[in-house]
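Working notes, beginning with the structure itself.
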Amino acid sequence: QVQLVESGGGLVQPGGSLRLSCAASGSTLDYHAVGWFRQVPGKEREGVSCINISDGSTYYADSVKGRFTISRDNAKNTYLQMNNLKPEDTAVYYCAADPDLYCDSGSPPGVGDFGSWGQGTQVTVSS
């Protein structure tokens, strides 16, 4: 099973940018789908983006489309570039991975679809 660690969160002003990283260890991500989720207190965890490692196809929630970009490098890292951040983007962001999932570009990933999760990183957008 893969272990995941997120980093890159922090406090940023509206309109600013952050780049979240998801580092994997213990297993290769070559055959995994990797998703980014976010959660605010009292609400369900929301699927934000997903990437299929095999072909690079992606999914984005409508709320982040055009502002967020998911990518990966040739190592074991997946990234979420977040531009033009808004106060409503404030949340704890989690990355998740699964060896059997293929993300649908037209549907959000589900929490139950992923077997491995990171501990989360806080993103706060405030002036």
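Values in this document were obtained by computation on a predicted structure and should not be read as measured data. Atoms considered below: every heavy atom in the structure, side chains included; atoms not considered: hydrogens, waters and symmetry mates.
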Any side-chain donor paired with an acceptor under 3.5 Å for Tyr102 and Ser57? yes
Going by distance alone, is a donor N or O of one side chain under 3.5 Å from an acceptor N or O of the other, for Ser21 and Asn77? no
Check: [Y] main-chain N/O paired with [X] side-chain donor or acceptor under 3.5 Å:
| X | Y | result |
| --- | --- | --- |
| Thr90 | Pro87 | yes |
| Asn52 | Cys103 | yes |
| Ser116 | Gln3 | no |
| Ser49 | Tyr59 | yes |
| Asp98 | Ala33 | no |
| Arg45 | Gln39 | no |
| Glu6 | Gly120 | yes |

Do the non-hydrogen side-chain atoms of [X] and [Y] ever get within less than 4.5 Å of each other?
| X | Y | answer |
| --- | --- | --- |
| Ile53 | Arg72 | yes |
| Gln119 | Leu4 | no |
| Val123 | Arg38 | no |
| Val12 | Thr124 | no |
| Thr58 | Ser105 | no |
| Ile51 | Thr78 | yes |
| Glu88 | Val125 | no |
| Trp117 | Val111 | yes |

Exercise: identify the closest heavy-atom pair between Leu20 and Met82: CG-CE, 3.7 Å
Salt bridge check, Lys65 against Asp62: does any charged N sit closer than 4.0 Å to a carboxylate O? yes
Should the heavy atoms of other residues, nucleotides or ligands under 6.0 Å from CD of Glu44 be counted, would the total exceed 12? no
Who passes side-chain hydrogen bond (donor to acceptor under 3.5 Å, both in side chains) against Thr121, sequence neighbours left out? none
Which word best sums up how the rings of Phe114 and Phe37 line up, parallel for under 30°, tilted for 30 to 60°, or perpendicular for over 60°? perpendicular
Indicate the ring-plane relationship of Tyr93 and Phe68, choosing parallel, tilted or perpendicular according to the 30° and 60° boundaries. tilted
